[in-house]
2 protein chains.
Amino acid sequence: MKKRIVRIKDIAEKAQTSKGTVDRVLHNRGRVADDVRERILSIIKELNYEPNFIAQSLKSQRTYNLAVLIPDPDADSYWEAPKIGLEKAEKELRQYGVYISLFIFNSHEEQSFIAKAREVSKEHPDGLLIAPVFYKEALPFFEEWASLNIPYVLFNTQIEHVNPLCYIGQDSYRSGSLAAKILSFGLQSPGTVLVAHVNEDISNSAHLITKEAGFRDYFESDKHDSKFKIISKEINFPDGETLDDQLDAILTEEPQLKAIYVTNSKAFEVASYLEKKALKHIKLVGYDLLTPNLNYLEKEIINFLINQNPLGQGYWGIHQLANFLVFKKDIQPIKFLPLDIITKENLDYYLDPQ
Amino acid sequence: MKKRIVRIKDIAEKAQTSKGTVDRVLHNRGRVADDVRERILSIIKELNYEPNFIAQSLKSQRTYNLAVLIPDPDADSYWEAPKIGLEKAEKELRQYGVYISLFIFNSHEEQSFIAKAREVSKEHPDGLLIAPVFYKEALPFFEEWASLNIPYVLFNTQIEHVNPLCYIGQDSYRSGSLAAKILSFGLQSPGTVLVAHVNEDISNSAHLITKEAGFRDYFESDKHDSKFKIISKEINFPDGETLDDQLDAILTEEPQLKAIYVTNSKAFEVASYLEKKALKHIKLVGYDLLTPNLNYLEKEIINFLINQNPLGQGYWGIHQLANFLVFKKDIQPIKFLPLDIITKENLDYYLDPQ
DNA sequence: TTCAAAAAAGTGTTCGAGCACACAGATAAA
DNA sequence: TTTATCTGTGTGCTCGAACACTTTTTTGAA
């Protein structure tokens, strides 16, 4: 039951040498006679030596400055959750010398992003966690950070053809399929299903396209034999106005509308419309546990929400950087977070996880 | 950003005394002159001293032997997952001196449980994680362990009127409501719904009763105006036989059967029947990600599974004991794990969590 | 054979907290 | 006054790994 913990000293004794030499073998520092190196290496394997992480971190005392580049949570409350998550991770990791600096940009101004990204480069952090909402503007910086040897973790938005330490977020395609599964479970009679992209610049948001593809493919697979007509719309409206007119138009065109899938966290905008018009029979699925969404989930106007776990994204993003920098663990290049299905009945457990 | 870490030595210097004295104040060990104590205490507060946990655990070297009392995973594969979870926790906590001893009993023999529970008492572990499937037999032991000052954590089955350090598991009532919510979302036309307790001694399983209550209350709440008839049955059959006859009988009696809710992990037994008889229209919801369940989830004969997260129960059980014993944290008496809704599309993320 | 340079191996200090022990000064008992 | 006892305080070693520094051994050129 109690495995004796193996120390460097134990290895040294068994190899009839000193801890200094073992240390040199372990860290490839300095020269060691080949036969001794071999002997030590085989003993390390035999005894299954694992460095005492506690002693290691007590000694080293080094600190890790991590930068975080995210949109302003005050402007879009979606970003509050990642911030809470990464602050939680920082608290847990502080004793290992991990510190976080926030670089907050305005999610509506590319220039603000660029300015903050420049600041990050200037800071030379040991690692970076970034939500690359401005795809094109971010590209040159990825090269810059790579050449500066700053490992970066992407979250929220997956980007191809760059080489992050790791991506953290959801599998968008699966996410779309899951939404389709839920809605099709609740739909018996034939009708129309709407995929709504609300207030989102589709050209810069590949992941929404991917969600739609997952959604459509599910309904178009053999088993549904075109019982449902899938349409998709971009619905954009300025601050202070509503999407009532646009949804009115859609409903006139498609009176058989049975369900709506909102591809981002703006389901509450649609829910507000459905409530106003008392359209109880239209099923609604969306994303994210924002307060306005939760209100409509409680009223069962939104039937299900899929949790993208933004808190977890921030939390795991920092932890992945720490796993790499502090704990020297190997990092899987993609960490997909669970697609949690949330409804009124199980909501509580996802609001303040762990 | 970087707060300088405060050491005992810093406090000692500021109080113009030695670290030994500060140490005595911190641990109420030995005598210290009142004025010096006051001075040190106020400086500790002022500098916001927090002991360096890493140095602490390096020094102390003390080990914690935790006992785990669970049914045999080889006999009921449900118990494999908790075992994996607690082994994972042990691995993470080994560097803090945490060791686990397993006490495995036969889940069909009370005597085997009693024998193993006695062994636990003899071992005098520093803490205990227990799945109290034999309610009546366990009661006297809880008193014994309390008097031996062994903190114990319950998981899987919640028991009233005993005083564990904490309970880890699901809110059974909510769990039943959630199952009802899912099924009612998928049921449009009126019909009968069956609550099936498969191969389970109801008299010793309060949590299954609670699940049924949550399920019934959901359907009986105002909004459903008795569209559905809820019946419940205990279905028991010996090893090697099937429940075909009993389900045949139920279907003859209730030809309008639209959905089945299996209250434990045995949904696959019902699914096997539905597949054989090609009863595709009957919706089925059950618990737990056992391999046979997953097969039927894949085929969509089981529509949804609710994950009781047995792996997480083992994992968090050990972590709660460590939080209490090693990290001296306060423990909430109940830790409800999320009610995860699992379907074919999001299954992957729950199979090997974290 | 000698000796300096290079190679290899060994020693000792450090990180922060815990704890055993040593030691000083005060007080009391003989 | 001497000796014992009690308070209060300070010192120094320990945990395991990292790393700077020292010492020993080997090598090869004169």
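Chain A is the first sequence line, chain B the second, and so forth, proteins listed ahead of strands; every chain is numbered from 1.
Distance alone, capped at 3.5 Å, places no donor-acceptor pair between the Glu80(A) side chain and the Asp74(A) backbone. No donor-acceptor pair closer than 3.5 Å links the side chain of Thr21(B) to the backbone N or O of Thr17(B). When atom types are taken as modelled, the side chain of Glu90(A) and the backbone of Ile100(A) share a donor-acceptor pair closer than 3.5 angstrom. A donor-acceptor pair under 3.5 Å is formed between the side chain of Gln170(A) and the backbone N or O of Pro338(A). Put simply, the side chain of Asp126(A) gets close to the backbone of Asn65(A): a donor and an acceptor are under 3.5 Å apart. In this structure, the side chain of Asn48(A) does not engage the main chain of Lys45(A) through any donor-acceptor pair within 3.5 Å.
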Next item on the list: In sequence, state the C-alpha distance, the side-chain angles, and the governing distance for Arg39(B) and Lys14(B), and then conclude on side chain to side chain contact (heavy atoms under 4.5 Å, CB included).
Entry: CA-CA 9 Å; Arg39(B) 201 164 67 232; Lys14(B) 193 153 188 185; over 6 Å; no
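Evaluated for a salt bridge (Lys or Arg N to Asp or Glu O under 4.0 Å) with Asp23(B), the options Arg7(B), Arg29(B), Lys59(B) yield exactly one hit, Arg29(B).
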Checklist line | Dot-bracket line, read 5' to 3' along DNA chain D, where crossing pairs take [ ] and | marks a partner on another strand, Watson-Crick or G-U under 3.5 Å | finding: ||||||||||||||||||||||||||||||
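The shortest distance between the side-chain N/O atoms of Arg29(B) and the OP1/OP2 oxygens of dG18(C) is not below 4.0 Å. Using a 4.0 Å cut-off, no side-chain N or O of Gln56(B) falls inside it from OP1 or OP2 of dG16(C). Under 4.0 angstrom from either OP1 or OP2 of dC15(C) there lies no side-chain N or O belonging to Arg7(B). Taking 4.0 angstrom as the limit, His27(B) places a side-chain polar atom (N or O) nearer than this to OP1 or OP2 of dG18(C).
In this structure, the NZ atom of Lys59(B) is 17 Å from the P atom of dG12(D), given to the nearest Å. The distance between atom CD1 of Ile8(B) and atom C1' of dT11(D), rounded to the nearest whole Å, is 15 Å. Separating the CD1 atom of Ile54(A) from the C1' atom of dA17(D) is a distance of 12 Å, rounded to the nearest angstrom. Here dG10(D) presents its P atom at 12 Å from CD of Glu13(B), a figure rounded to the nearest Å. In this structure, Lys9(B) places its NZ atom 7 Å from P of dC15(C), rounding to the nearest Å. Atoms CZ (Phe53(B)) and C1' (dC15(D)) sit 14 Å apart, rounded to a whole Å. If you take CG of Asn28(B) and P of dG18(C), they are 13 Å apart, rounded to a whole angstrom.
Aromatic pair Tyr152(A)/Phe142(A): centroids less than 6.0 angstrom apart.
Asn52(B) comes within 4.0 angstrom of the backbone, heavy atoms only, and of no base. In this structure, Leu58(A) reaches the bases: a heavy-atom distance under 4.0 Å links it to at least one base atom across the strands shown.
Taking for each of Asp23(A) and Ala55(A) the nucleotide of DNA chain D with the nearest heavy atom, the 5'-most of the two is the partner of Ala55(A).
A cation-pi arrangement, defined by a distance under 6.0 Å to the six-membered ring centre and an angle within 45 degrees of its axis, is absent between Arg94(A) and Tyr96(A). Relative to the six-membered ring of Tyr315(B), Lys88(B) meets both conditions, a distance below 6.0 Å and an angle of at most 45° to the axis.
The stretch residues 40-51 of chain B touches DNA chain C through Tyr49(B), Pro51(B), each having a heavy atom within less than 4.0 Å of the strand.
Judged purely by distance below 3.5 Å, without hydrogens or angles, the side chains of Tyr349(A) and Asp340(A) never pair a donor atom with an acceptor atom.
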Note to self: Base contacts versus sugar-phosphate-only contacts with protein, heavy atoms under 4.0 Å: please encode nucleotides 6-12 of chain C as B, S and - from 5' to 3'.
What the structure shows: -SSBBBB
